[in-house]
Every structure is written in structure tokens, then in C-alpha cells.
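Some notes on the structure that comes next.
Remember, it's a predicted structure, so these values are computed and weren't measured experimentally. Within every chain, numbering begins at 1; the chains are lettered A, B, ... in the order of the sequence lines, protein sequences first and strands thereafter.
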2 protein chains.
Amino acid sequence: MVKPGKWTLVVVMQLRSETRRFSELRRGIGDISQKTLTITLRELERDGFVSRTIFPTIPPRVDYELTALGQELLQLADGWRQFAARNRVAVEAARHRFDLAAGEPAIRLVSSS
Amino acid sequence: MVKPGKWTLVVVMQLRSETRRFSELRRGIGDISQKTLTITLRELERDGFVSRTIFPTIPPRVDYELTALGQELLQLADGWRQFAARNRVAVEAARHRFDLAAGEPAIRLVSSS
DNA sequence: CCGCATCCATTTTGATACTG
DNA sequence: CAGTATCAAAATGGATGCGG
């Protein structure tokens, strides 16, 4: 994968443990455009992480599913998600401290009266 | 981390097991602009993954080092890197198949003579 | 040496309209 | 329903010049 793409892992996590139709993915993610979802799925399919099954019915139906390789990618994505969840509070606190410190002088010479 | 940034993990991996100066990082990475490196380091510092130590000498010197949280991030980055290395060949093969199949008709009716 | 500010090229994304 | 095409908007990244 040369360029993961902003939505790649989100899509992979949506495919956790079940086959999904295009519109199900779209609704499940919520704020992704049709175009971006299409591109993301194409890249995942191209790299062998997702399989695509077309049912030539009317209306058409397309199912997406993780391949074995895709399942491995899901494990990594989960690792990342768990890390983010575990440390969300610590990161927010660090960020808050940093933003506060930015407004203050490097060395405080006198205490404010 | 709301937005990881293209170079974030590269920088973290450069900080594996040792403190680094700004210019050392720049040379070690090789193809990153000063601006982008500065921004990447600031974000990492802001979120508590990297600590920054300023030596007010002339010329100035600034050291960067992973915090405990940063070390955890490094583990994740390594996991990703190992996954990519393990599956590089498989992904390239899948990509090649996909690109070839794109040019062919969906159903081959007759064999070429 | 370190890093900020500005400008500019490239990339990425979304909105919209249209097709099978 | 599941895309494709096109255009405009926004984010990103690099180059350059300046400053502590």
C-alpha cells in the first residue's frame, strides 16, 4: 500500500465479521461521499484486502468482504484503535498543557501580584 | 491524534532507541522539508509522543526523544512495517492481477487462435 | 542551527449531475 | 443500487526568505 488513504481503515473496520453491500457501508460510515467510498474500496480490492462480488440483478447489488489478508489488516487497525482508545485522555491532557504553555513566557520572572 | 500526517511514523521510527537533533532527523529521513519536519515534530510533541529539549547555545541545539507514550506508538508503527514487509509480494501480485483484469472483457466468449 | 511566514504547485475531497 | 464524470473547494507539501 503506497497510500493508505484517510478512510481505508474505517472501511476495513466496517467489514469486521460480515459481508456488506455498498450502501450499507455508506450508511454505516455516515460521512463519506459516494466517490470517496468507491475509490477506497477499489484500492482495497486492488491490493487484495477486499473481495467484490457483483450480482447482475436489477437493481444491482455488490457485496464487499475482507479477504484473509484483509483480516490481518483488520487486526492492525484494531491495534491502532485500541491504542487510541487507551490513550485518548492522556493525549488530550498533553495537548491541553501544550496549548496553555504556548501563551506563557518561557521564564516567569516575577509572580503576578 | 486526529490527523497522523504522512511523515509521523517515519519520524517516530527515526527516534527508535535514541535522542536525535533536528538536523540529524532531517538527514536521516532524507526527503522531508524543514517545514514539514517542524510541523510533524510539533504535533508529536503536542500530543505527548515526543519530548523537546532546547539548549540555548550558539548555535542553538534542540533534541527530540520519544516519551513512554511515544515508545508505544513505535510498537504500533513497527507492527505496521512488519506487516507491509511480510505481505509486500502478495500485495504486488494482487495489484498486478487487478490491473491486468481491468483491460479484459468480463466474459471471454472464444479462445484466441 | 533551528524554525517561522509566505507563496505556490499538487493532491485530496466533496457536491452535483448523469448512466446502466 | 452502484457506480462514473466533472467541477469547485480545501488540505497538504515544498521552496524560499527571514529571524533568534
Side-chain angles (χ1 to χ4, degrees), chain A residues 1-12 14-15 18-47 50-65 98-99 101-107 109, chain B residues 1-12 14-15 18-47 49-65 98-99 101-107:
Chain A
M1 290 200 296
V2 178
K3 283 204 74 265
K6 181 177 167 185
W7 295 100
T8 303
L9 296 186
V10 177
V11 169
V12 168
Q14 279 288 316
L15 289 171
E18 39 186 350
T19 287
R20 288 267 169 130
R21 299 186 58 175
F22 185 90
S23 49
E24 289 174 338
L25 284 170
R26 188 141 151 65
R27 277 193 300 274
I29 295 172
D31 216 18
I32 188 175
S33 71
Q34 196 175 36
K35 170 185 165 186
T36 302
L37 179 55
T38 297
I39 292 173
T40 302
L41 286 168
R42 281 295 172 291
E43 289 174 351
L44 283 168
E45 184 195 3
R46 185 166 108 104
D47 289 353
V50 160
S51 67
R52 178 158 162 263
T53 308
I54 306 173
F55 299 89
T57 55
I58 295 177
R61 167 181 176 166
V62 182
D63 282 0
Y64 293 91
E65 187 173 14
F98 184 91
D99 292 345
E104 299 170 2
I107 303 174
L109 296 175
Chain B
M1 288 198 300
V2 179
K3 284 204 73 272
K6 182 178 167 184
W7 296 99
T8 304
L9 295 186
V10 177
V11 169
V12 168
Q14 278 287 317
L15 289 171
E18 40 186 350
T19 287
R20 287 266 168 132
R21 298 188 58 178
F22 184 89
S23 48
E24 288 175 339
L25 284 170
R26 188 142 152 65
R27 277 193 302 273
I29 295 172
D31 216 19
I32 187 174
S33 70
Q34 196 176 37
K35 168 188 167 185
T36 302
L37 180 55
T38 298
I39 291 174
T40 302
L41 286 167
R42 279 298 170 288
E43 289 174 351
L44 284 168
E45 185 195 1
R46 185 166 107 105
D47 290 352
F49 295 115
V50 160
S51 66
R52 179 158 161 264
T53 308
I54 305 172
F55 299 88
T57 54
I58 296 177
R61 166 182 177 168
V62 182
D63 282 0
Y64 294 91
E65 186 174 14
F98 184 92
D99 292 346
E104 297 170 4
I107 303 173

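Comparing A/Gly5 and A/Pro59 along DNA chain C, the residue whose closest nucleotide (by nearest heavy atom) sits nearer the 5' end is A/Gly5. Of the residues near DNA chain C, A/Pro60 and A/Ile39, the one whose nearest nucleotide (by heavy atom distance) lies more toward the 5' end is A/Ile39.
Taking CZ of A/Arg21 as the start and OH of A/Tyr64 as the end, the distance is 11.0 Å to the nearest 0.5 Å. To the nearest 0.5 Å, atoms CD (B/Glu24) and OG1 (B/Thr19) are separated by 9.5 Å. With values rounded to the nearest 0.5 angstrom, B/Arg52 atom CZ is found 14.5 Å from B/Glu65 atom CD. With rounding to the nearest 0.5 Å, the separation of CG in A/Leu37 from CZ in A/Arg42 is 9.5 Å. Taking CZ of B/Phe22 as the reference point, atom CD1 of B/Ile54 lies at 12.5 Å (rounded to 0.5 Å). We find the OG1-CG distance between B/Thr36 and B/Leu41 to be 11.0 Å, quoted to the nearest 0.5 Å.
B/Leu41 has its CG atom 14 Å from the P atom of D/dG13, to the nearest Å. Atom CZ in A/Arg52 sits roughly 11 Å away from atom P in D/dA2 (whole-Å rounding). The separation between B/Lys6 atom NZ and D/dA11 atom P is 18 Å, rounded to whole Å. Whole-Å rounding puts the A/Phe55 CZ to D/dC1 C1' distance at 13 Å.
Contact annotation: the side chain of B/Lys6 never approaches that of B/Thr40 to less than 4.5 Å [non-hydrogen atoms, C-beta and beyond]. Taking the side chain as every heavy atom from C-beta outward, B/Asp63 and B/Phe55 approach each other to under 4.5 Å. Two residues are said to be in side-chain contact when any heavy atoms from C-beta on lie closer than 4.5 Å; B/Asp47 and A/Phe98 fail this criterion. Inter-residue side-chain proximity for B/Phe49 and B/Val12 is flagged as unmet; no heavy-atom pair is nearer than 4.5 Å.
Backbone-only engagement by B/Tyr64 is indicated by non-hydrogen atom pairs under 4.0 Å involving sugar-phosphate atoms exclusively.
Extent of DNA chain C lying under 4.0 Å from chain A heavy atoms, first and last nucleotide in 5' to 3' order, is C/dT12 to C/dG20.
Between the two ends of the helix from C/dC1-D/dG20 to C/dG20-D/dC1, each summarised by a five-pair axis, the helix axis turns through 40° (rounded to 10 degrees).
For DNA chain C, the residues of residues 18-37 of chain B within the heavy-atom distance limit of 4.0 Å (strictly under) are B/Arg21, B/Phe22, B/Ser23, B/Gln34, B/Lys35, sorted by number.
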